[in-house]
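Single-structure report; data block below.
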Amino acid sequence: MDASEAVKRFNEYLKSHQHKLTKQRALITEIFFDPDKRSEHPTVEELYLRVKERDRNVGHATIYRTLKLLIEAGLAVPNRIGEGLTRYEPEIPGEHHDHMICDRCGLIVEFEDEEIERLQEEIAKKLGFSLLDHSMNLVGSPQEPCQRPDCLNQGS
Ligand SMILES: [Zn+2]
Ligand SMILES: [Zn+2]
């Protein structure tokens, strides 16, 4: 799903709920779904800074409210990662991944593992549930210097 498709879907959701797709909401959605930055998992503040580069009049409250609407529309998911800040990421239908996180700088590496997915299904089943969703965040210290140059984890 590309950014324009996401904006289109958001518009449909807003219309059916008596909301409007304002220019700012469209811009926020476009930036949030930017394919180059999709794995960034921005906080409200980080998304605000990115949007502000394109529209200086946008405020924190608008970012926050738009994210909330995107979540309601099934286009975004909040995820508490590591340091306790809520980070947000686009919800792409049919796509799933888990997170490996650097304990120092919060760098997020996305991964997908069939074996783990299968095991989770099994565990849920054993416990008498049918699995609907899960989120997994692994936290670790990188063995090689962290990919982020300003990180204090420079290998051990
Ligand atoms: Zn790091
Ligand atoms: Zn992710």
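Counting starts at 1 for both ligands and their atoms, following the listed order. Hydrogens, waters and symmetry mates are skipped; everything else that's a heavy atom, side chains included, is used.
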Parallel, tilted or perpendicular for His41 and His97, by the 30°/60° rule?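 Perpendicular: the ring planes of His41 and His97 meet at over 60°.
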So what does the Cys105 SG - the Zn ion (ligand 1) - Cys146 SG angle come to, to 10°?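 Rounding to the nearest 10 degrees gives 100°.
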To the Zn ion (ligand 2), the closest N, O or S atom belonging to Glu110 is OE2
Nearest to the Zn ion (ligand 2), which N, O or S atom of Glu89 do we find?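 The atom in question is OE1.
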When you compare the side chain of Leu47 with that of Ile28, does any pair of heavy atoms fall below 4.5 Å?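 Ile28 vs Leu47: side chains touch.
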Three-point angle His99:NE2, the Zn ion (ligand 2), His97:NE2, rounded to the nearest 10°: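 Here the angle at the metal atom is close to 110°, to 10°.
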Mind listing the side-chain donor-acceptor pairs of residues 6-13 below 3.5 Å, one per line with the distance, residues two or more places apart or on another chain?
residue	atom	partner	partner atom	Å
Arg9	NE	Glu5	OE2	3.1
Tyr13	OH	Glu72	OE1	3.2

Qualifying ring-ring contact (aromatic ring centres under 6.0 Å, His included) pairs, either residue in residues 102-132, two or more places apart: none
